[in-house]
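In what follows, every chain begins at residue 1, and chains take the letters A, B, ... in the order their sequences are listed. Bear in mind the structure is a predicted one, so any value in this text is a computation, not a measurement. Side-chain atoms are counted along with the backbone in the values below, which use heavy atoms only and exclude waters and symmetry mates.
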Amino acid sequence: MKARIVSAFLLSLLMLCAPAFAQQGPDELVKNVTEEVLSIVRSDKDIQSGNAQKTNALIEQKVLPHFDFMHMTALALGRDWAKASPEQQKKLSSEFQALLVNTYSNALSTYKHQTINYKPFRMAANQTDALVRTEIRQPGGAPVQLDYRLEKQGNSWKVYDVIVGGISLVTNYRDTFAQEVRNAGIDGLIQSLAAKNKQIAAGRQK
Amino acid sequence: MKPVFIGNLRKLAAFVAAASLLALSGCATTTTASAPNPNDPAEDFNRAMFAVNDVLDAAVLRPAAVVYDEATPLPVKAATGNFFGNLGELWVAANNLMQGHVEDAFSDLGRFFVNTTVGIGGAFDIASEVGLEKHSKDFGQTMGVWGADEGAYVFWPILGPRTARDTAGLIVDGIADPLWYYRDVPVRNSLLGVRLVDTRARLLPVDAIVEQASLDRYSYIRDSYLQMRRSSISGQGADGAADRPLPVFSPTP
């Protein structure tokens with residue numbers, strides 16, 4: 001009974017929030033999500049000490065809903081994307097997602113003394129593509145640019161690329177992916193990605 | 001005896017023929033399977049250097065960086081980074097000037113004077129706090145802005161990834177590096193050592209990320225380096241990119 005009341009309350013809260021979230025622009029979205037995630041990281045000793053399970057759970061809950069992994073995978077594969085069957089595309093995208101989440105999770109646990117600066121964002125003429133620019137300031141070093149590319153889908157904005165210091169995380173895989181596909185086909189690439197993710201998971205259980 | 005010898009000779013001939021056929025087919029498969037990457041014509045050499053660097057790094061530089069990182073309190077690390085950054089500030093200003101960023105060059109000069117004086121010899125980055133942003137510029141980038149081709153990608157042990165152009169740039173950066181002109185050789189060498197270890201220590205968090213993110217560490221580092229350098233020259237970072245229209249992407253390129 002109690003659980004039901006709680007869940008009903010949560011649901012109504014969600015419904016209240018939903019339109020508010022739908023309205024927010026790409027820059028607000030990036031800022032809200034970043035601030036929320038970082039405030040959780042700052043207050044969570046487990047995440048700071050590198051608890052990957054907890055970090056991954058945080059990312060899955062707060063960050064993933066705002067990413068479009070199909071789009072990201074398509075960009076990383078480039079021309080080869082069209083050669084993959086819908087089934088293969090799905091597998092590629094889910095393996096690539098796991099890899100990026102693991103990477104992001106690792107990066108998040110190294111977050112310590114940095115502060116984030118939000119810079120003016122840019123919108124493409126068609127109003128459905130945006131570049132949100134932020135900057136990480138760190139003691140003793142030059143600031144690092146951290147930019148997000150977002151696309152408008154219906155009422156919400158979805159991130160499809162993250163650019164760190166001029167390095168697009170998605171296009172950075174292009175050459176490697178193309179090489180894998182050339183050597184072992186789409187299925188070969190799926191296998192390599194799956195093996196990599198398994199290896200990361202195994203390393204974590206030690 | 002003779003027939004045996006001839007028999008052996010025949011065997012030898014057959015063996016040589018088979019071996020050369022194998023070698024030929026081997027050549028054929030290697031050339032088709034790994035057509036040279038246009039971004040990395042010297043890949044075999046680079047991968048060998050990459051392996052050498054891994055050994056050197058694991059044996060010397062990384063352990064030193066780990067000890068330094070763990071033993072040094074954050075304010076000291078920040079001050080160390082600030083100090084060496086400040087030493088390079090005038091050269092950053094010069095590069096900004098050579099690239100035509102006059103305003104940034106003056107801002108760098110301002111940074112140098114503020115941090116050298118108020119920031120006590122560069123230990124504190126007061127300039128950043130009053131809004132004079134830190135830039136990172138080097139001569140390889142300046143040559144790129146002038147239109148010099150990046151040339152072949154090269155991986156150097158200890159120095160890490162560079163292009164041919166950036167290797168030349170690195171030499172000029174070295175000539176412009178005030179630390180090399182310090183007269184007291186033992187002090188100079190210690191400072192160079194601390195700077196190297198401090199630089200390596202700043203890359204420690206990146207190690208784990210690259211290890212995890214990459215299917216192939218070598219090409220991940222190469223592609224990151226090339227992307228970073230190209231964007232810092234063509235787009236002049238995110239600031240220059242702001243002037244260009246945003247391309248529209250479709251999910252199926």
Participant: Is it the backbone or the side chain of A:Thr171 that comes under 4.5 Å from a heavy atom of chain B, or both, or neither?
Facilitator: both
Participant: Relative to chain B, which segment of A:Tyr104 carries a heavy atom at a distance below 4.5 Å: side chain, backbone, both, or neither?
Facilitator: neither
Participant: Between A:Lys196 (side chain) and B:Ser214 (backbone), is there a donor-acceptor pair under 3.5 Å?
Facilitator: yes
Participant: If you round to the nearest 0.5 Å, how far is OG1 of A:Thr103 from CD of B:Gln212?
Facilitator: 6.0 Å
Participant: Which atoms of B:Asp198 come close to chain A, meaning under 4.5 Å heavy atom to heavy atom: side chain ones, backbone ones, both, or neither?
Facilitator: neither
Participant: Show your reasoning for whether side chain to side chain contact (heavy atoms under 4.5 Å, CB included) applies to B:Ser224 and A:Ile167.
Facilitator: CA-CA 6 Å; B:Ser224 305; A:Ile167 304 163; 3.8 Å; yes
Participant: Taking side chain as everything from C-beta outward and backbone as N, CA, C, O, which of these in B:Arg222 sits under 4.5 Å from a heavy atom of chain A? Side chain, backbone, both or neither.
Facilitator: side chain
Participant: Taking all atoms of both residues into account, what is the closest heavy-atom pair of A:Pro143 and B:Glu133, and its distance?
Facilitator: CG-CG, 4.2 Å
Participant: If you take all heavy atoms of A:Ser192 and B:Leu215, which pair is closest and at what distance?
Facilitator: O-CD2, 3.9 Å
Participant: Check whether A:Leu169 gets within reach of chain B through its side chain, its backbone, both or neither, counting any heavy atom under 4.5 Å.
Facilitator: side chain
Participant: Could you check whether atom CZ of A:Phe67 has more than 12 heavy atoms from other residues, nucleotides or ligands sitting under 6.0 Å from it?
Facilitator: yes
Participant: Select one option (side chain, backbone, both, neither) describing which atoms of A:Glu135 are under 4.5 Å from chain B's heavy atoms.
Facilitator: side chain
Participant: Once rounded to the nearest 0.5 Å, what's the spacing between atom CG of A:Asn172 and atom CG of B:Leu226?
Facilitator: 9.5 Å
Participant: Got a second to check how far A:Glu180's CD is from B:Ser219's OG, nearest 0.5 Å?
Facilitator: 9.0 Å
Participant: Quick one: closest heavy-atom pair of B:Asp223 and A:Asp175, and the distance?
Facilitator: OD2-CB, 3.4 Å
Participant: For a quick test of reading the model, state the closest non-hydrogen atom pair linking B:Ser231 to A:Gly166 and the distance between them.
Facilitator: OG-CA, 3.3 Å
Participant: Can you tell me if A:Glu35 has over 12 outside heavy atoms packed within less than 6.0 Å of its CD?
Facilitator: yes
Participant: When you check the side-chain N and O atoms of A:Thr176 and B:Asp216, is any donor under 3.5 Å from an acceptor?
Facilitator: no
Participant: Does any backbone or side-chain atom of A:Leu189 lie under 4.5 Å from a heavy atom of chain B? Answer side chain, backbone, both or neither.
Facilitator: side chain
Participant: Where is the tightest heavy-atom contact between B:Ala213 and A:Leu99, given as atom of each residue plus distance?
Facilitator: O-CD2, 3.6 Å
Participant: To the nearest 0.5 Å, what is the distance between CD on B:Glu211 and CD on A:Gln199?
Facilitator: 7.0 Å
Participant: For B:Gln227 and A:Ser168, what are the C-alpha separation, side-chain angles and deciding distance, and is it a side chain to side chain contact (heavy atoms under 4.5 Å, CB included)?
Facilitator: CA-CA 8 Å; B:Gln227 264 205 70; A:Ser168 148; 3.4 Å; yes
